[in-house]
Protein chains: 2
Amino acid sequence: MRIVLVDDHRVVARSLKAFLESFDGLQVVGMAASGEELLEKLDEWQPEIIVQDLLLPGGIDGVETTRRVLRRQPGARVIVLTASTDEARMMGALRAGACGYVRKDAEPETLLAAVRAVARGKQFYDVPPVAGAEEDLTPREKEVLRRVALGRSNKEIADELGVADETVKTHVTHVLSKLMADNRAQAVVQALKRGLVSLDELE
Amino acid sequence: MRIVLVDDHRVVARSLKAFLESFDGLQVVGMAASGEELLEKLDEWQPEIIVQDLLLPGGIDGVETTRRVLRRQPGARVIVLTASTDEARMMGALRAGACGYVRKDAEPETLLAAVRAVARGKQFYDVPPVAGAEEDLTPREKEVLRRVALGRSNKEIADELGVADETVKTHVTHVLSKLMADNRAQAVVQALKRGLVSLDELE
DNA sequence: CGAGAAATCCCCCGAATGCGGGAGGCGCGG
DNA sequence: CCGCGCCTCCCGCATTCGGGGGATTTCTCG
């Protein structure tokens, strides 16, 4: 099994390598710290399985990385290995074509099982604890929410988006309602918890 | 070297074990997923070195874990291994007596170097990229900030703290100034980025 | 003792926020 | 075709925010 690890935490990546390679038949043929790096080396490595964190630095995030990898190598199998219970992002990865999902706080055997299941062409999902009602914000609402998290005022957001501030107020009201938040501060926290925006991308 | 790993991500912990034990003289004699678990097994394991994440589940966080461990085993050496560039929390751990600090996105050799340095009685700090002007909020200001992050209004905070809302306004103004934030939403983001509050503790 | 920080309270004031409602246009799928 | 969701805009209104000023007490530290 030719495996590639994608994790910006090099200590973690190298350790995963040691762990996985302690089992027969598993070989880590490459490690990347970002989506860009993975895409660069993809042809060279020709991995069968990609174990990938969702929280990656650089221009393309984990979900986008998965999407692009599978477009280039439809035969590859992507296992998402992530720390946070990041439902929105996880759903995104699955929709992007990942066929495995393991949380970092799972038993190591779980990851191993995932690798082996996926290698046999099966899917493997370390089931999330709760289904969780998918709060879907409209594209516009997400844009507004992102800017709210950046501390922008309604008027500033209106200027940036080229609309009237009444429009922004409407969007904000809808966002607050959907996130069950009483004000922008709570909306920001909720957005972060649900992975609608990430701390790292703010600034 | 008797090493104990503390990380709630079991996949990561087990992998670290594999990585560290691939070197002579290093032996992982125990792994814990929380501060409580570590404290329970401390007498049994008798570790010389403890490699510990700062973001731990359960009642006691990473900093508090370090503090308690060193109170019980002053001879033990604690290396903090953390993912986020979490300055406030890091400083807390150092003040609590940790003698090593390595970021998870460092080179694996860095962790190895840290273990070996610490084993020889030295300190090892994988220097943070920027010194970062330590914004020290007063205790009261931190209390207020936490509640701002919870989405409380000034009046609500005033009631909770049993003071007048003008007082809260003063504190909030000071916090905004110190965090260089223009409004509460930005203050929340800054607080999260600096580890003054953590996402997990918010509800 | 005196300096200074911390915490508390007070006033004024303009701007931003959040809520309620209404309303028109546009595109997509039944 | 007709409805429905999305985006857009508008009005009014009570509340909250954030900045400015100044004031007091308590406490620590040199």
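Since the structure is predicted, the reported quantities are computational estimates derived from the model, not experimental observations. In what follows, chains carry the letters A, B, and so on, assigned in the order in which the sequence lines appear, proteins first and then strands, with residues in each chain numbered from 1.
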Q: Under the side-chain contact (heavy atoms from CB on, under 4.5 Å) rule, collect the residues that match up with Ile60(B), sequence neighbours excluded.
A: Glu36(B), Leu39(B), Glu64(B), Thr65(B), Arg68(B)
Q) Can you list the residues that meet the salt bridge (charged side-chain N to carboxylate O under 4.0 Å, His left out) rule with Glu40(A), with sequence neighbours excluded? A) none
Q. Tell me, which pairs form a salt bridge (charged side-chain N to carboxylate O under 4.0 Å, His left out) where one or both residues lie in residues 153-172 of chain A, sequence neighbours left out?
A. Arg147(A)-Glu160(A), Arg152(A)-Glu160(A), Lys155(A)-Asp165(A)
Q.
Any salt bridge linking Asp7(B) with Lys104(B)? Criterion: basic side-chain nitrogen under 4.0 Å from a carboxylate oxygen.
A. yes
Q. Can you check the Arg184(B) CZ to dG18(C) P distance for me, whole Å?
A. 10 Å
Q: Not counting sequence neighbours, which residues clear salt bridge (charged side-chain N to carboxylate O under 4.0 Å, His left out) with Asp182(A)? List them please.
A: none
Q: Could you encode protein contacts along nucleotides 7-13 of chain C as a string, one character per nucleotide from 5' to 3', using B for base contact, S for sugar-phosphate-only contact and - for no contact, with a heavy-atom cut-off of under 4.0 Å?
A: SBBB-B-
Q: Carefully, step by step, assess Thr82(A) and Tyr101(A) under the rule side chain to side chain contact (heavy atoms under 4.5 Å, CB included).
A: CA-CA 8 Å; Thr82(A) 189; Tyr101(A) 172 81; 3.7 Å; yes
Q) When the C1' atoms of the five terminal pairs at each end define the local axes, what inter-axis angle does the helix from dC1(C)-dG30(D) to dC28(C)-dG3(D) show, to 10 degrees? A) 50°
Q) For Glu143(B), which residues count as a salt bridge (charged side-chain N to carboxylate O under 4.0 Å, His left out) partner, sequence neighbours excluded? A) Arg140(B)
Q.
Under the rule for salt bridge (charged side-chain N to carboxylate O under 4.0 Å, His left out), what residues qualify as partners of Glu21(A), not counting sequence neighbours?
A. Lys17(A)
Q. What is the distance, rounded to the nearest whole Å, between atom CD1 of Ile157(A) and atom C1' of dA16(C)?
A. 12 Å
Q: Would you please confirm or rule out a distance under 4.0 Å between OP1 or OP2 of dT17(C) and any side-chain N or O of Asn154(A)?
A: yes
Q.
To check you understand the geometry: which heavy-atom pair defines the closest contact between Gln190(A) and Leu179(A), and what is its length?
A. CG-O, 3.9 Å
Q: Give me the first and last nucleotide of DNA chain D, going 5' to 3', that has any atom under 4.0 Å from a heavy atom of chain B.
A: dC17(D) to dG19(D)
Q | salt bridge (charged side-chain N to carboxylate O under 4.0 Å, His left out) contacts touching residues 72-82 of chain A (sequence neighbours left out) | A | Asp43(A)-Arg72(A)
Q.
Applying side chain to side chain contact (heavy atoms under 4.5 Å, CB included) to Asp53(A) and Val6(A), what does each step give before you reach the verdict?
A. CA-CA 6 Å; Asp53(A) 197 353; Val6(A) 189; over 6 Å; no
Short heteroatom pairs, N/O only, protein and nucleotides 28-30 of chain C, under 3.5 Å:
none

Q.
Just the rounded figure in Å: distance from C1' of dT17(C) to CD of Gln186(A).
A. 14 Å
**Q.** Atom-pair distance (CZ on Arg152(A); C1' on dA15(C)), nearest Å
**A.** 19 Å
Q.
According to side-chain hydrogen bond (donor to acceptor under 3.5 Å, both in side chains), who are the partners of Glu37(A), at least two apart in sequence or on a separate chain?
A. none
Q. So does Arg14(A) pair up with Glu107(B), basic N to acidic O under 4.0 Å?
A. no
